[in-house]
Amino acid sequence: MDGGSLRKLGNAGLGDKRYGYRMRDFTQPNRSAAVSANAMAATSHPLATLAALDILRAGGNAVDAAIATVAVLCVTEPHMTGIGGDCFALYSKNGAAPLALNGSGRAPAKATVDWYRGQGIAAIGPTTPHAVTVPGAVDAWCRLHADHGSKDLDELFRPAIKLAEEGHALTPRVAADFDHSYPKQANDADIARVFAPGRRAIGLGEKLHQPALANTFRRIARAGRAGFYEGEVATEIVAKLNRLGGLHTLDDFAAQRCEYVTPVTAAYRGHDVYECPPNGQGLAALMMLRTLEGYDVKSLSDADRIHLLAEATKAAYRERDAYFADPKFAPVDIARYLSDDYAAGVRKRIRLDLVSEAVDWDEIEHKDTVYFCIVDRDGNSISFINSLFQDFGSGILVPGCGVLLHNRGISFHIDEHHPNRIEPGKRPMHTIIPGMLAKDGKTVMPFGVMGGQYQAVGHAHLLMQMLDMGLDPQAANESPRSFAFDGLLALESTISEAVARDLAKRGHRVGWAGALGGCQAIWIDRAKGCLIGGSDPRKDGCALGY
């Protein structure tokens with residue numbers, strides 16, 4: 001499962017005594033980990049990494065660089081993220097325990113189960129206005145900036161504005177995703193004019209222009225959150241949603257507020273893992289790690305490790321799907337799920353030679369998100385995730401302001417008995433989760449894995465590869481992945497046929513997957529005074545530092 005990588009984490013942090021980590025085999029087509037002495041950014045797009053580095057070199061801190069980065073990603077990966085989406089962040093100041101910021105949006109005040117039932121709506125459609133909760137990202141960016149930033153928004157948005165206005169050339173993964181998502185682009189005249197102007201998806205190396213979005217960034221730079229949630233932009237968004245049958249009002253937009261929340265945390269292999277609490281699924285990642293903690297993972301075979309992760313996944317996701325919701329509406333028993341007794345009970349039901357019952361899944365799959373992390377020269381670090389949910393979100397683009405709206409509301413149930421039922425002002429269950437790792441009370445790694453339902457599994461898998469198998473962040477990123485979901489154990493093609501046959505004999509329904517997830521991570525080696533970063537080869541991005 002470690003892909004035969006030669007790069008190892010040693011006892012003294014990241015590596016052996018001579019190099020910091022064992023040198024990779026340079027004859028193999030792997031990527032070296034990024035190493036720097038001062039600051040680093042790891043993102044899924046090279047233009048975003050460059051924007052972050054420019055801000056860091058100019059004296060900006062991690063939050064400044066994060067805001068510049070997410071703005072650029074909203075322009076360069078618009079199918080994955082945008083100012084019409086939601087976000088979550090973990091921020092550690094000078095290595096201290098992280099703050100968690102919930103930037104997820106809320107359902108309109110008129111949204112009730114009874115209203116949807118009265119309209120004959122049994123489930124919220126992904127391309128309908130009902131899938132659009134009030135976007136929470138911009139409010140969260142502005143809050144982070146006001147509390148922890150040091151540079152003006154005008155400077156931070158300048159790279160994104162330039163790229164949106166002058167255009168930028170599509171990179172390979174983005175172009176492939178655009179092509180795959182063309183049916184949604186062609187579904188609405190407004191979105192087609194921007195993303196499929198020639199009645200086809202924009203291709204590799206071709207330029208994407210978004211001048212209306214550039215103007216909206218300028219409004220936010222001048223007026224802060226009011227530039228999005230009040231005035232012309234909010235009026236245009238609400239008007240389009242209302243024309244399509246949405247329940248949104250200007251009051252809903254004006255009322256949107258992010259909030260700082262207490263992270264949830266659990267120990268794994270002598271480290272502390274921090275996640276945002278529900279309404280996100282970070283708790284599921286911790287539940288899996290608590291299960292895995294009871295096994296000698298390194299001594300297991302590749303097939304054993306994949307099987308064990310699959311069984312831990314199913315156990316955690318059963319609870320996630322049944323009980324995780326906005327805790328202000330449906331409290332989640334976090335202490336119980338992270339207790340020794342609960343983890344022991346899960347392990348008691350796991351057999352290494354036999355598959356457990358599959359988890360039935362009746363939700364809509366979603367996988368489109370951007371994740372990045374940054375560490376600045378003062379040791380501040382941020383783990384940040386921003387999403388439109390599905391590819392191109394709801395497919396609803398507001399032409400006057402260039403805002404593409406997410407469809408996070410499809411996570412709501414039209415069922416009065418479900419904890420995640422739709423209610424006025426409620427936030428839906430989210431899959432997007434940033435992570436943070438600490439050791440002896442100090443942050444040692446911001447990390448995250450984009451990829452919808454896979455994300456909680458991705459967090460557990462990454463930490464297994466690093467803390468159990470001894471890989472550095474880049475090697476851990478390159479390790480083959482698997483995902484037990486909806487009755488299928490999906491394997492990436494880098495996993496051998498022999499392992500696949502072994503898993504099938506245990507009762508798994510095995511299938512081959514495309515690329516699973518997209519990860520970024522930066523290891524902070526305080527003893528050596530360096531940063532070691534990894535960026536997922538499944539995306540176009542990179543980790544760079546100075």
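The first residue in the sequence is number 1, and the count goes up from there. All figures in this text were calculated on a predicted structure; none of them were measured in a lab.
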#### Entry: Those residues that, when tested against Ala107, pass side chain to side chain contact (heavy atoms under 4.5 Å, CB included) (two or more places apart)
Ala111, Phe412, Ile422
### Message
Does the plane of the ring in Tyr91 sit parallel, tilted or perpendicular to the ring in His148? Use 30° and 60° as the thresholds.
### Response
tilted
### Query
Going by the angle between their ring planes, with limits at 30° and 60°, are Phe253 and Phe228 parallel, tilted or perpendicular?
tilted
### Query
Is Asp152 paired with Arg158 through a side-chain N to carboxylate O contact shorter than 4.0 Å?
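No, this pair does not count.
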### Message
With a 4.5 Å cut-off on side-chain heavy atoms, are Thr431 and Arg408 touching?
### Response
yes
### Query
Of the options Thr133, Thr81, Asn386, which is the one that meets His406 in a side-chain hydrogen bond (donor to acceptor under 3.5 Å, both in side chains)?
Thr133
For [X], check side-chain hydrogen bond (donor to acceptor under 3.5 Å, both in side chains) against everything at least two apart and list the hits.
{"X": "Thr443", "answer": "Ser92"}
{"X": "Glu275", "answer": "His459"}
{"X": "Thr49", "answer": "Thr43"}
{"X": "Arg538", "answer": "Glu492, Asp536"}

Measure from the side-chain N and O atoms of [X] to the backbone N and O of [Y], and report whether any donor-acceptor pair falls under 3.5 Å.
{"X": "Asn38", "Y": "Arg377", "value": "no"}
{"X": "Asp376", "Y": "Asn380", "value": "yes"}
{"X": "Asp139", "Y": "Gly136", "value": "no"}

### Task
Could you tell me if the ring centre of Phe392 sits under 6.0 Å from that of Phe195?
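When the ring centroids of Phe392 and Phe195 are compared, they turn out to be within the sub-6.0 Å range.
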### Query
Knowing that exactly one of Ile161, Val138, Val233 qualifies, which makes a side-chain contact (heavy atoms from CB on, under 4.5 Å) with Thr216?
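Looking at Ile161, Val138, Val233, the match for Thr216 under the side-chain contact (heavy atoms from CB on, under 4.5 Å) is Val233.
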#### Entry: Partner set under ring-ring contact (aromatic ring centres under 6.0 Å, His included) for Tyr182, not counting sequence neighbours
none
#### Entry: Tyr229 six-ring face occupied by Arg225 cation (under 6.0 Å, within 45°)
yes
